[in-house]
Amino acid sequence: MLFDQINNDIKEAMKARDKVRLETLRNIKKVFLEAKTAPGANDTLEDADALKILAKLAKQGKESALTFTQQNRQDLADAELAQVAVIESYLPKQMSEEEIKEAVKAIIAETGASSIKEMGKVMGVASKQLAGKADGRVISGIVKELLA
């Protein structure tokens, strides 16, 4: 499980004295523990949910780095991007735009969608199938393009 892997990697980062990795992994563990103890979670965290959390953390980190860059604080942006790199090492490889297009075409054929009115149906299936492998905005743009 991803939760156990993070715990083991914290120990490894401590031994290696890797401050950035250790701090990032501790933050991930904190968020994972919050998710495990949330009402209705029954003290479990499935890998699919853990991957969603990691994707969200990576996205937030990138947005923060962009804000820091705009404020001419490259030192803070670099620190944020270093943490994002650690988080992304646990995520599945991101799909290219071409791979996403092919997957969406298959989903459109599978759902029988033929117009933009059926975008919700396609997005529901696409979001589940491509979770963690592609950004939601990119998927949405491709779905719109193909159904238009």
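All residue numbers in this chain count up from 1 along the given sequence. Note that the structure is predicted; figures quoted are calculated from it, not measured.
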Counting distance only, does the side-chain N/O of [X] pair as donor-acceptor with the main-chain N or O of [Y] below 3.5 Å?
X    : Y    : answer
D47  : L2   : yes
E99  : S96  : yes
E118 : S114 : yes
T37  : L33  : yes
S127 : G124 : no
D135 : R137 : yes

Pairing of [X] and [Y] as salt bridge, 4.0 angstrom limit:
X    : Y    : result
E145 : K101 : yes
E110 : K121 : no
R73  : D75  : yes

[X] side, atom [atom1]; [Y] side, atom [atom2] - distance, nearest 0.5 Å:
X    : Y    : atom1 : atom2 : value
L54  : L91  : CG    : CG    : 5.5 Å
I6   : L25  : CD1   : CG    : 5.5 Å
I10  : E12  : CD1   : CD    : 11.5 Å
M95  : E102 : CE    : CD    : 9.5 Å
I28  : Q5   : CD1   : CD    : 10.0 Å
M119 : K144 : CE    : NZ    : 5.0 Å

Does atom CD of Q60 have more than 12 heavy-atom neighbours from other groups under 6.0 Å away?
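It does: Q60 CD has more than 12 such atoms within range.
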Do other residues, nucleotides or ligands put more than 12 heavy atoms under 6.0 Å from K36 NZ?
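Enclosed.
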In this structure, would [X] and [Y] fall into the same cluster of hydrophobic residues linked by side-chain contacts under 4.5 Å?
X    : Y    : value
I107 : V143 : yes
I87  : L76  : no
V86  : F32  : yes
I139 : L51  : no
V84  : L66  : no

Report yes or no: do D78 and Q74 form a side-chain donor-acceptor pair below 3.5 Å?
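Their side chains do contain a donor-acceptor pair, which is all the 3.5 Å distance test asks for.
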Closest contact, heavy atoms only, [X] versus [Y]:
X    : Y    : value
Q83  : N27  : OE1-ND2, 4.0 Å
E80  : A65  : CG-N, 3.9 Å
R21  : A13  : CG-CB, 4.2 Å
E88  : A58  : CG-CB, 4.1 Å
M1   : L45  : CE-O, 2.9 Å
M123 : S140 : SD-CA, 3.7 Å

Is the shortest side-chain heavy-atom distance between D9 and N7 below 4.5 Å?
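In short, these two side chains do not touch, never coming nearer than 4.5 Å.
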